[in-house]
Amino acid sequence: MDHINGDRLMQMLRQLASFGMRNDSGVSREALTPTELEARQWLCSLFTGSQYQWVIDDAANLLLRREGTCPELAPVMTGSHIDTQPVGGWLDGAYGVMAGLEVLHALDDAGIQTRRAIEVVAWTNEEGSRFSPGAMGSSAFSQPDRLIGFLEAQDNDGHRFESARDAALQVTPAAKKAALGHPVHAYIEAHIEQGPVMELGGYSLGVVSSIQGVRWYEVTVHGNSAHAGTTPLMARQDALLTAATMVSQLGAEAAARNDHALRLTVGRFEVSPGSINTVADRVTFSVDIRHPQESELIAMQDLLGSVLERNVGTCTHEVRLLMQRSPTLFDDHVLSVLSAAVVATGVPHCSLGSGAFHDAMYLADCCPAAMLFVPSIEGISHNAAENTHTADLVAGAKALAFALVTLAIT
């Protein structure tokens, strides 16, 4: 911990942010774009010693391995992602990767050799803003047969994920090619909170015990197009007014549950034909439901079905489940190691759950895992104004060093 160099950590973070930096201090570095590939090449230039080996796998996950004294043992892994939203902040994902690299620098400075190897990974396409779904790299690492379903995904310009993946393999010749997935002793992901809880509580570090569950739905309401000027209101099958009623009623009934842990979002609303003087014949909208308890997710699914049925009127509707993920509970042993680490830093700390998805959610499917949060100023993220105090970033790197070494010497 004493060898964590805050100046070096901040310099690496700022250098990474320069790849895609905007005039408003935001960062535009979407997955596997030329800008992100340049950042990957820069990362590969940071560690070149004989103890280190860069590796890139079939999902273009980029990994740096610091060898241990017992190479046959499963490694301890840390990391996050370096891709951003179209307009993202400079710390989301990037912090977890650079904090991991700073731990390796500190180990070198301290002359410490660990029994297990330590690996720092930059997962591919966590954000999902260019290719859908998100967290492609970590989910494919956890379950390699998922990769086949990702290869045909296309961005808005028609570029396939497979082609972008191949470009990443080509521009990192220093990285050894590897198949997807390998045994991992434990995984810890450091990340900014992306919310206001820690700052409001005055906490510098947070041990993340869980990630809430989620269900995504696509609702399509079918009506009948008609002339806006000649069709009486009582004779219409108006898909838009029907869908609007559904959404309004769903929001009201969700709020009436008075559940502070519940999250309900309608983020997409598409109307056809989209003409000012034509009654809409089809509306499609999304419903994002999140909660830390599976039973509440089931209850909300039932509520969604009831609201849609009661408000469909003369229209018809259909519901498609786009994604379902049960709450992720992190490993007790890794959490205890992290708890000891944050105590050792001497800074105010707490335990909390994560409302956002992270790569650690998928790593928890294949190895003991947990997360470490540092606070976000005003809870801002996915925004050019995203920021965290330097002292908190350094404290997080120190706690990460403590935890990784504790796990890697066993």
Side-chain angles (χ1 to χ4, degrees), residues 16 19-20 27-45 53-65 77 79-88 92-94 96-97 119-184 187 189 216 218 268 286 320-325 357-363 365-367 382:
L16 179 56
F19 295 94
V27 178
S28 179
R29 190 174 58 237
E30 290 187 273
L32 304 182
T33 55
T35 301
E36 202 224 26
L37 297 186
E38 289 178 15
R40 286 166 171 254
Q41 291 174 302
W42 171 73
L43 284 178
C44 288
S45 72
Q53 175 65 64
W54 285 97
V55 176
I56 189 167
D57 66 24
D58 292 337
N61 296 313
L62 183 63
L63 180 150
L64 175 64
R65 179 182 174 97
M77 181 183 284
S80 192
H81 60 98
I82 66 169
D83 66 305
T84 72
Q85 291 286 323
V87 181
D92 179 2
V97 177
E119 297 177 343
V120 180
V121 61
W123 300 111
T124 299
N125 190 48
E126 191 272 351
E127 294 290 359
S129 61
R130 183 183 179 197
F131 298 105
S132 182
M136 279 184 175
S138 55
S139 63
F141 182 92
S142 172
Q143 189 175 322
D145 60 7
R146 288 177 173 142
L147 179 62
I148 296 174
F150 297 156
L151 295 178
E152 297 297 323
Q154 295 186 6
D155 65 12
N156 291 334
D157 296 321
H159 298 125
R160 296 171 65 243
F161 174 76
E162 184 177 19
S163 299
R165 184 276 310 264
D166 291 346
L169 298 177
Q170 293 170 5
V171 301
T172 50
K176 177 183 176 181
K177 305 300 186 293
L180 262 173
H182 59 262
V184 176
Y187 175 79
E189 181 169 353
W216 284 355
E218 181 181 80
R268 189 176 68 217
S286 62
R320 185 161 65 102
L321 179 65
L322 299 180
M323 195 263 281
Q324 177 177 343
R325 179 79 189 188
F357 301 155
H358 298 284
D359 292 304
M361 181 173 70
Y362 290 102
L363 268 293
D365 290 341
C366 64
C367 71
H382 286 188

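- Nearest heavy atom pair, residue Asn125 against residue Pro133, reads ND2-O, 3.1 Å.
- Taking the ring centre of Phe131 as origin, the terminal cationic atom of Arg160 falls outside the region bounded by 6.0 Å and 45° from the ring axis.
- A heavy-atom distance below 4.5 Å is found between the side chains of Tyr362 and Arg325.
- In this structure, Arg29 does not pair ionically with Glu36, as no charged nitrogen and carboxylate oxygen lie closer than 4.0 Å.
- We find the OG-CD distance between Ser28 and Glu30 to be 5.5 Å, quoted to the nearest 0.5 Å.
- Considering NE2 of His358 and OG of Ser138, their distance stands at 11.5 Å, rounded to 0.5 Å.
- In terms of heavy atoms, Glu127 sits closest to Thr84 at CG-C, 3.7 Å.
- At distances below 3.5 Å, not a single donor-acceptor pair connects side-chain atoms of Ser80 with backbone N or O atoms of Val97.
- Between the side chains of Ser129 and Gln85, not a single donor N or O lies within less than 3.5 Å of an accepting N or O.
- The shortest non-hydrogen separation linking Ala140 to Ala59 is CB-CB, 4.3 Å.
- Distance CD/Gln41 to CG/Leu43: 10.0 Å, rounded to 0.5 Å.
- Pairing each heavy atom of Met136 with each of Ala153, the nearest pair is CE-CB, 3.8 Å.
- For residues 56-65, the set of pairs meeting the salt bridge (Lys or Arg N to Asp or Glu O under 4.0 Å) definition, not counting sequence neighbours, comprises Arg65-Glu67, Arg65-Glu119.
- Using a 4.5 Å heavy-atom threshold, the side chains of Arg40 and Ile56 count as touching.
- Between the CH2 atom in Trp216 and the CZ atom in Arg320 there is a gap of 12.5 Å [rounded to 0.5 Å].
- Of the inter-residue distances, the one linking Thr124 atom OG1 with Glu126 atom CD reads 11.0 Å to the nearest 0.5 angstrom.
- Within the 4.5 Å cutoff, no side-chain heavy atoms of Val121 are placed close to those of His81.
- With no hydrogens or angles considered, no side-chain donor-acceptor pair links Asp157 and His159 at under 3.5 Å.
- In this structure the side chain of Val55 reaches within 4.5 angstrom of the side chain of Gln53, judged on heavy atoms.
- With Phe141 as the fixed residue, the side chain to side chain contact (heavy atoms under 4.5 Å, CB included) test singles out one of Asp365, Val184, Asp359: Val184.
- Side-chain contact between Thr33 and Phe19: absent, with no pair of heavy atoms (C-beta onward) separated by less than 4.5 Å.
- For Arg130, the salt bridge (charged side-chain N to carboxylate O under 4.0 Å, His left out) partners are Asp155, not counting sequence neighbours.
- Smallest separation of non-hydrogen atoms from Asp83 and Gly128: OD2-N, 4.4 Å.
- The closest donor-acceptor contact from the side chain of Tyr187 to the backbone of Cys366 lies at 3.5 Å or more, if one exists at all.
- Across all their heavy atoms, Thr35 and Gly20 have their closest contact at CG2-N, 3.5 Å.
- Annotation: side chain of Leu16 is in contact with side chain of Trp42 (closest heavy-atom distance under 4.5 Å).
- Using a 3.5 Å distance cut-off with no hydrogens or angles, the side chains of Asp145 and Gln143 do pair a donor with an acceptor.
- Between the OG1 atom of Thr172 and the CH2 atom of Trp54 there is a distance of 10.0 Å, given to the nearest 0.5 Å.
- A 4.5 Å side-chain heavy-atom check between Met323 and Phe357 finds at least one atom pair inside the cut-off.
- Counting non-hydrogen atoms of neighbouring residues, nucleotides and ligands closer than 6.0 angstrom, the CG atom of Leu321 exceeds 12 such neighbours.
- For residues 166-181, no pair satisfies salt bridge (Lys or Arg N to Asp or Glu O under 4.0 Å), with sequence neighbours left out.
- Looking at Leu63 and Met77, their side chains come closer than 4.5 Å, going by heavy atoms from C-beta outward.
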